[in-house]
Each structure stands twice: as structure tokens, then as C-alpha cells.
Amino acid sequence: MPSLRTSLTALALGLAALVPAHAGKTLDTIQQRGQIAVGVSTGVPGFSAANSQGQWVGLDVDIAKAVAAAVLSDANKVKWVPLASQQRFTALQSGEVDVLSRNTTVTLTRDASMGLASTAVVFYDGQGFMVPAKLKVKSAKQLKGATVCVQSGTTSEKNLTDFSRLHSLNLKPVVFDKFDAANAAYFAGRCQAYTTDTSGLASVRAKEAKNPQEHVILPELISKEPLGPLVRRGDDEWQAIVRWVVYGLIEAEENGITQANVNQLKADSTDPVVGRLLGKTEDTGKLLGLDRDWLARAVQAVGNYGEIYERNVGEKTPVGLSRGLNRLWNQGGLLYALPVR
């Protein structure tokens, strides 16, 4: 028979689980301001870049819009703050932005020692090399002594040095502060190769190359680059909101909830998981300091994860990336959302 102390402890834990979350200081500030400040890249097509109408589009942009829809009921209540690699962490640390949604690799150093906190992976990537097809290079290990364009202040710079040392390649980095400068230098022939995340290489090739077929992305991946939004350390409530919006978008894809059918499913579905995700049968929002329709609004605004991927970087876009590692876990990929329940 359990003791009185054990029973009281169990009761307290059970009641605690039912208590709505406090909003947290970041969410309070955002709601008072009526806008989320989001750090994005200075222009990586497919991930975050301004289009010809000056509108920000891309996978990272849609993730941020989903958060805005969940939190402020309007995906457009976002202030976009373009940040170079060297600026991005300072901008988040200082409070200039509320979240960094900017093709940024989550690493131990960034997560544990810079006053930042990771949320969830939105794109599994790896660093690679692009070379002119005319060089007829088939492997990065054939680049011995080559000059390689790389951006400073990125994980790519260190990975390049490590790869060169490991394979005794004597690669010669040509370092640039800005992404655009590195792009221009490579296409001007100042470097024999260009290295960054393979998604970035595909984006650059699609946007900048006069003829994309004249440039080859080599098959090796020399690193793991899990990309995802970062927030400031110290506000667990805000970190949880951003994390669970991402997981919710993945769960929506897994359960067949799309931008086109979300309203119908919310009204008619008898699937208990769908009912819970869309706030029909359970109110998960109160646990995040939000209302029960938080995820339904996010999907209404930008679609599920698969729709976001295919619209921005999928095989039918100029970037032209297959899902690969970014398939759902039950389709051979790595995307495995913690359950929204």
C-alpha cells in the first residue's frame, strides 16, 4: 500500500501536469509588440531570401511564419532581420531577434556555451564541395592543393581544415566574410572549388550559375550539419513553443494533415490523433501558453513539413533537392517528431 507521502507526491505531479504554462518573458514581449523578430540569412534561395516583390520566402521563412501563426494568429506578423554569419549569434544574444531561423547548424558549442538554445532540426544536411564540371573531378579527395572558397564564421571553415588535414590534401582556403562574396569569387574562377552545406551549394548553383550543368556537387559529405532554429537560453517557455511548432508540422505530415484539408479534418475527422493535433478533442495549447488552435493555424498558414519542403527546395524547384535524409522516419528518413500529446 503506498504511503501518504507517495500518494500526495503523485497527486501533486498529476495536478502540475494540468496547469497551463506561463507565457514566458519572450512570448509576453512578442504579444505586446504584436510581431516576432526573426533572424534570416542575407539571401540563400530555398531557405531564406527576398523574392522579386521583396517578400521573404524559403523553408526557414515558412518555419518562422508557422510560429507567428501559432503565437499571433497571423503568419505575416514577422519582422525579417537579414544577418550575415558573423552577426547572427550576437543579434540573438542581444535580443535584436527573438529566434534565429537561418540555415544554422546546431552544435554543442552553440547549444551549451553561447547563451543559445536549440529547438528542433528542420533540415538534415552535410558539408560538400562544388567544382566546375570541366575539371572532371569525381571526388573531393582529388582536390589536393586546390584553392577552396569558404565563408568565415561558419562550421564550414573548420570542417574544411579538418578534412584537409585528415587526408593530407593541403587545401588552400580562400575566406570571405559574406556569402555573396564567396559565391561571386567561385563563379569568377578565383577558387577551384567551393565548400558549404550541400543544400547551400545547390541553392547557389541554381541562383548564380549561368549554366548550372557546368558545376558539379561532389558526392562526399564531410560533416553532419543538422540545421534548425535557435533561441536565447533562459526562456524555457519560448524554446518549447518554437520546438513544438516544428514537431507539429512534422506530425501533421505524418498524419495526412495538409494546408488544403486542415479545416475539413478539424470539423469531420474521427481520428483521435488528428483530433488532438488540431485542438478538436484536446487542448495542448494551454501547456504552451497558447490556445487550442495553435497548430491548426500553423498548418493553415504554411502547410505541413512536406509541403514546406517541396515548395521551397524540392525536386520541382530550382534548388532541386530530393527529400533524402529529410524524409519521415517511417519512409526511410531521419524526421522523427516527438509526439504532440
Engineer: Counting N and O atoms only, with roles assigned by atom type, does the side chain of Asp197 sit under 3.5 Å from a partner on the main chain of Ser199, one being a donor and the other an acceptor?
Structural biologist: no

Engineer: Judged by atom type as modelled, is there a donor-acceptor pair below 3.5 Å linking the side chain of Gln87 to the main-chain atoms of Ala84?
Structural biologist: yes

Engineer: I'd like to know if the side chain of Thr29 reaches the main chain of Lys25, judged simply by a donor and an acceptor atom lying under 3.5 Å from each other, with no hydrogens or angles considered.
Structural biologist: yes

Engineer: Is Lys172 atom NZ crowded by more than 12 heavy atoms from other residues, nucleotides or ligands, each under 6.0 Å away?
Structural biologist: yes

Engineer: Can the ring centroids of Tyr186 and His215 be said to lie less than 6.0 angstrom from one another?
Structural biologist: yes

Engineer: Keeping to residues at least two apart or across chains, list the ring-ring contact (aromatic ring centres under 6.0 Å, His included) pairs with something in residues 130-170.
Structural biologist: Phe129-Phe163, Phe163-His167

Engineer: Which of these passes side-chain hydrogen bond (donor to acceptor under 3.5 Å, both in side chains) with Gln127: Thr154, Thr155, Thr105, Thr195?
Structural biologist: Thr195

Engineer: Is the cationic atom of Arg323 (NZ for Lys, CZ for Arg) positioned less than 6.0 Å from the six-membered ring centroid of Tyr309 and within 45 degrees of its normal?
Structural biologist: yes

Engineer: Is there a donor-acceptor pair closer than 3.5 Å between any side-chain N or O of Arg292 and the backbone N or O of Gly279?
Structural biologist: yes

Engineer: Counting only heavy atoms from other residues, nucleotides and ligands, does the tally under 6.0 Å from CZ of Arg33 exceed 12?
Structural biologist: yes

Engineer: Quick one: do the Gln86 and Ser152 side chains pair a donor with an acceptor below 3.5 Å?
Structural biologist: yes

Engineer: Can you check whether Leu265's main-chain N or O pairs, donor with acceptor, with Asn261's side chain at less than 3.5 Å?
Structural biologist: no

Engineer: Do the side-chain N and O atoms of Thr198 and Asp125 include a donor-acceptor pair separated by under 3.5 angstrom?
Structural biologist: yes

Engineer: Is the side chain of Trp56 donor-acceptor paired with the backbone N or O of Val40 at a distance under 3.5 Å, no angle test?
Structural biologist: no

Engineer: Under 3.5 Å, sequence neighbours excluded: what are the donor-acceptor pairs made by side chains of residues 333-341?
Structural biologist:
none

Engineer: Can a donor-acceptor pair be found between the side chains of Glu225 and Ser223 at a distance below 3.5 Å?
Structural biologist: yes

Engineer: Output yes when a side-chain donor or acceptor of Asp111 lies under 3.5 Å from a complementary backbone atom of Ser118, and no otherwise.
Structural biologist: yes

Engineer: With a 4.5 Å cut-off on side-chain heavy atoms, are Phe176 and Asn183 touching?
Structural biologist: no

Engineer: Just do the salt bridge (charged side-chain N to carboxylate O under 4.0 Å, His left out) check on Asp74 and Arg297 with the steps written out, would you?
Structural biologist: CA-CA 8 Å; Asp74 188 339; Arg297 285 197 303 272; over 6 Å; no

Engineer: Can a donor-acceptor pair be found, under 3.5 Å and without considering hydrogens, that links the side chain of Glu214 to the backbone of Lys210?
Structural biologist: no

Engineer: Please determine, by modelled atom types, if Asp271 and Asn255 share a side-chain donor-acceptor pair under 3.5 angstrom.
Structural biologist: no

Engineer: Under 3.5 Å, side chain of Ser94 to main-chain N/O of Ala91, donor-acceptor pair present?
Structural biologist: yes

Engineer: For Thr26 and Glu237, does a side-chain donor sit closer than 3.5 Å to a side-chain acceptor?
Structural biologist: no

Engineer: Between Lys144 (side chain) and Asn170 (backbone), is there a donor-acceptor pair under 3.5 Å?
Structural biologist: no

